[in-house]
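Read the numbers this way: they start at 1 and go in the same order the structure lists the ligands and their atoms. Source: prediction; values computed, not measured. Reckoned from all heavy atoms, side chains included, excluding hydrogens, waters and symmetry mates.
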Amino acid sequence: MNQNIWGIDLGGTKVEGAILQSASDPEVLFRDRVPTEGHKGYDHIVGQVKSVVDKMEAAVGYRPQKLGIATPGTLDPGLGLMKNSNSTSLNGKPLKADLERILGMEVRMANDANCFALAEASMGIAKEKYPNAKVVFGVIMGTGVGGGVVVDGKVINGLQGIGGEWGHNFLDESGGPCYCGKSGCVEKVLAGPSLEKYYASVSGQQKTLREVYDLYKAGTDPFAKQTMERMIHFFGLALSVVVNILDPDVIVIGGGVGNIDIIYTDGVVSLEKYIFNNRLDTPVLKPRLGDSAGVFGAAFLVA
Ligand SMILES: [Zn+2]
């Protein structure tokens with residue numbers, strides 16, 4: 001019996017497809033991508049997904065009954081419409097129904113943070129280091145902040161499709177207004193652009209997060225120190241809310257901000273300070289799959 005699993009990562013710049021051998025042996029059998037060209041509108045994006053699926057079919061000579069798709073934003077489970085997507089032409093559209101009709105197969109969807117968490121739990125760092133982990137929380141701290149909860153190898157999407165979305169919890173008023181309509185969200189404090197904006201506000205200079213971190217390490221720039229210490233403080237505070245509710249077996253941190261090494265030392269100490277326990281046993285890990293997590297996680301949606 002063919003146990004291949006097919007996944008698509010529908011991203012802002014590319015639509016990527018991958019076929020994995022099986023869930024237990026996730027060797028990559030085929031992989032290809034096309035540009036999303038989202039500016040050409042919703043129908044074009046749907047067509048680009050179809051073109052990737054057609055390439056996958058041509059490569060292996062068959063079409064499966066179902067496939068998984070990682071999407072920016074979430075399918076509202078009640079309405080069947082996309083929401084919260086930064087690829088805004090998807091919002092309000094019945095993407096799952098349209099794809100199922102055009103592709104002639106069952107489509108399972110989850111947002112990119114959920115797919116990241118699923119991939120790292122199923123074939124990434126959590127699987128490698130803690131194969132018996134039941135609950136994995138995957139964090140994305142990049143241009144935005146998202147998260148995904150995986151329990152026993154399954155994504156917890158939630159009643160409203162917002163399971164794991166800690167990025168829009170309230171964190172601190174200093175973050176200012178958020179695109180979501182609220183203010184002081186975790187994302188407005190801890191996303192890469194938010195950290196860069198904070199540095200600019202205190203120093204009067206525009207620098208990338210990487211430059212700010214290098215200045216912090218050099219120990220020569222008080223504003224870099226202030227920015228990084230604030231990040232560490234709020235990282236611990238924001239994540240403590242998740243740990244107190246979920247108490248995951250493993251936390252994996254993805255996205256550009258996750259490349260800041262002090263997250264895994266000072267950040268963990270900060271987290272320990274805020275949780276409802278006298279110590280922190282939770283491993284906080286760097287991911288293993290990089291940009292591939294989305295497409296691999298999508299494939300595991302049908303495992
Ligand atoms: Zn928000």
Side-chain angles (χ1 to χ4, degrees), residues 10-13 38 70-79 81-93 95 109-117 137-150 155-202 208-209 212 227-228 230-246 248 251-260 263 267 270-271 274 293-294:
L10 170 50
T13 57
T71 57
T74 303
L75 188 81
D76 187 300
L79 302 174
L81 305 175
M82 294 296 292
K83 64 181 178 185
N84 298 344
S85 177
N86 54 6
S87 293
T88 49
S89 60
L90 296 178
N91 287 327
K93 295 295 199 311
L95 181 61
M109 281 184 178
N111 77 23
D112 34 22
N114 287 353
C115 289
F116 162 80
F137 186 61
V139 168
I140 293 190
M141 295 200 301
T143 52
V145 173
V149 180
V150 174
V155 166
I156 306 297
N157 267 316
L159 177 69
Q160 298 155 113
I162 58 171
E165 292 292 359
W166 74 307
H168 297 273
N169 284 0
F170 176 78
L171 181 56
D172 192 72
E173 207 56 72
S174 66
C178 182
Y179 79 89
C180 74
K182 299 182 179 65
S183 182
C185 296
V186 170
E187 177 167 309
K188 295 304 294 180
V189 177
L190 290 175
S194 306
L195 294 164
E196 289 166 356
K197 193 175 152 200
Y198 179 79
Y199 178 82
S201 74
V202 292
T208 66
L209 183 60
V212 174
T227 302
M228 286 296 131
R230 175 175 173 274
M231 176 190 77
I232 290 302
H233 163 74
F234 281 122
F235 170 79
L237 184 57
L239 203 53
S240 72
V241 177
V242 176
V243 173
N244 279 355
I245 290 173
L246 199 60
I251 296 171
V252 187
I253 313 270
V257 182
N259 291 325
I260 303 287
I263 292 274
S270 173
L271 171 59
Y274 291 112

statement: The complete set of side chain to side chain donor-acceptor pair (under 3.5 Å) pairs with one or both residues in residues 175-186, sequence neighbours excluded, reads E173-S183
- prompt: Where is the tightest heavy-atom contact between L190 and V145, given as atom of each residue plus distance?
  reply: C-CG2, 4.1 Å
- prompt: If you leave out waters, which protein N, O or S atoms are less than 2.8 Å from the Zn ion (ligand 1)?
  reply: H168 ND1, C178 SG, C180 SG, C185 SG
- request: Go through the side-chain N and O atoms of N111 and E165 and say whether any donor and acceptor fall under 3.5 Å apart.
  value: yes
- prompt: Is it true that a side-chain atom of S85 and a backbone atom of S87 form a donor plus acceptor pair closer than 3.5 Å?
  reply: yes
- prompt: Under the side chain to side chain contact (heavy atoms under 4.5 Å, CB included) criterion, do L95 and T71 qualify, and how do the steps go?
  reply: CA-CA 10 Å; L95 181 61; T71 57; 4.0 Å; yes
Test item: D172 side-chain N/O and G175 main-chain N/O as donor-acceptor pair under 3.5 Å: no
